[in-house]
A.B. asks: 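Got a structure for you, written out below as structure tokens; questions coming shortly.
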Amino acid sequence: MTDLGLHMGQAMGDQDLPGVLVSDLEGPHGICEDHAEDLKRHFNLITMQDFLENKAQLGPQIQAVYIWCGRPAVSQELLHSLPSLKIVASAGAGLDHLDLGLVASFGVKVANTPHAVSSPTADLGMALLLAAARRVVEGHQLAVSPHTENFPTDYMGQQVTGATLGIIGMGSIGYKIAQRARAFEMKIVYHNRKRRKLEEEEAVGAIYCERLDDLLQWSDFVMLAVSLTPQTQGLIGKRELRLMKPTAILINIGRGLLVDQEALVEALQTGLIKAAALDVTYPEPLPRDHPLLELKNVILTPHIGSATHQARRQMMENLVESILASLSGLPIPNEVLLK
Ligand SMILES: O=C(O)[C@H](O)CO
């Protein structure tokens, strides 16, 4: 944590601390673990419920919104009721839950925490790839089942070593996946809006695919590590799934809406592709009767890309630094600039 932050927190009484709106202090939509105590050293935390009960008094005190796991939602109505708001600080890399143009139109800055999440999310991407390739979850269920008398001799998976990995989205998460995949001796192709520098490509042995279709046709594993934007929504639909190999595995660590989920269900049911491993879906969680929950060739995790103690703490600390900097008129670390 910055010296500036420690100084501010220590020098002021609780009521003098800057007001920061949070969704809740605990519970499924609250902030994380033991973070509230750290945050309270710097800020007067105001929960959404308190704010809604006393808008007139609390609204003008709020100088920052602290978004954790996409909450609270920042609507036009909320922005209108926060006249002193300086910054919306959002945990994680994805910003699809925010209307950046709307926030900017109120003269409010935005910051996120892309560096804190890139390694753990890349780790999870590889974990899902390996687990789906080698049918780890199914294998666990088989090994612990009371009905298992003998282990099958034909319980086969897909070989990872030497296989081709297609990475869609070569930002910092995609690049870290490439670094990890290289250690598994995978061939790496990638598709991105912008080509990476030659030396960056060479460092991980990645080949640029200008055409997404080529990547889909060549890859044994397709990893979605791209942000959700109007341009990428539904990026993988029926047509794209048809281009993939029948032995291919799709891994999604980006956002559920990158994939046409109905088309994916059909592709998995009909053997158009081999399997999928999804950390993200829409909605989250899926309704309990959703067909994806029934399929044996699917692994689902509950949006846990950044869910390590270390990453979550770093995310919190990065948000504190960004808020304090904005309140002091200093350059904001991890400020999100409108393109
Ligand atoms: O956007 C991200 O970084 C993750 O989804 C947050 O956990």
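Counting convention: from 1, in listed order, for ligands and their atoms alike.
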A.B. asks: Considering only NZ, NE, NH1 and NH2 on the basic side and carboxylate oxygens on the acidic side, decide whether Glu317 and Arg313 come within less than 4.0 Å.
C.D. replies: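 Salt bridge between Glu317 and Arg313, a charged N being under 4.0 Å from a carboxylate O: yes.
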A.B. asks: Which residue pairs pass the ring pair (Phe, Tyr, Trp, His ring centres under 6.0 Å) test when at least one of the two sits in residues 274-307, sequence neighbours left out?
C.D. replies: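 Listed by first then second residue: nothing to list.
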A.B. asks: Is the closest basic N to carboxylate O distance between Asp220 and Lys187 below 4.0 Å?
C.D. replies: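 A salt bridge is absent here (no side-chain N lies under 4.0 Å from a carboxylate O).
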A.B. asks: Quick one: ring-ring contact (aromatic ring centres under 6.0 Å, His included) partners of His80, sequence neighbours excluded?
C.D. replies: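 For His80, the residues satisfying ring-ring contact (aromatic ring centres under 6.0 Å, His included) (neighbours in sequence not counted) are Phe106.
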A.B. asks: Once you restrict both partners to nitrogen or oxygen, which atoms of ligand 1 have a protein partner under 3.5 Å, and how far apart are they?
C.D. replies:
from     : atom 1 : to     : atom 2 : distance (Å)
ligand 1 : 1 (O)  : Ala93  : N      : 3.3
ligand 1 : 1 (O)  : Gly94  : N      : 2.8
ligand 1 : 1 (O)  : Arg255 : NH2    : 2.8
ligand 1 : 3 (O)  : Ala93  : N      : 2.6
ligand 1 : 5 (O)  : Arg255 : NH1    : 2.9
ligand 1 : 5 (O)  : Arg255 : NH2    : 3.3
ligand 1 : 5 (O)  : His303 : NE2    : 2.6
ligand 1 : 7 (O)  : Ser306 : OG     : 2.9

A.B. asks: Do the charged groups of Lys176 and Asp123 touch, with an N to O distance under 4.0 Å?
C.D. replies: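 Salt bridge absent between Lys176 and Asp123.
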A.B. asks: For Tyr208, check ring-ring contact (aromatic ring centres under 6.0 Å, His included) against everything at least two apart and list the hits.
C.D. replies: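 Result, ring-ring contact (aromatic ring centres under 6.0 Å, His included) vs Tyr208: Tyr190.
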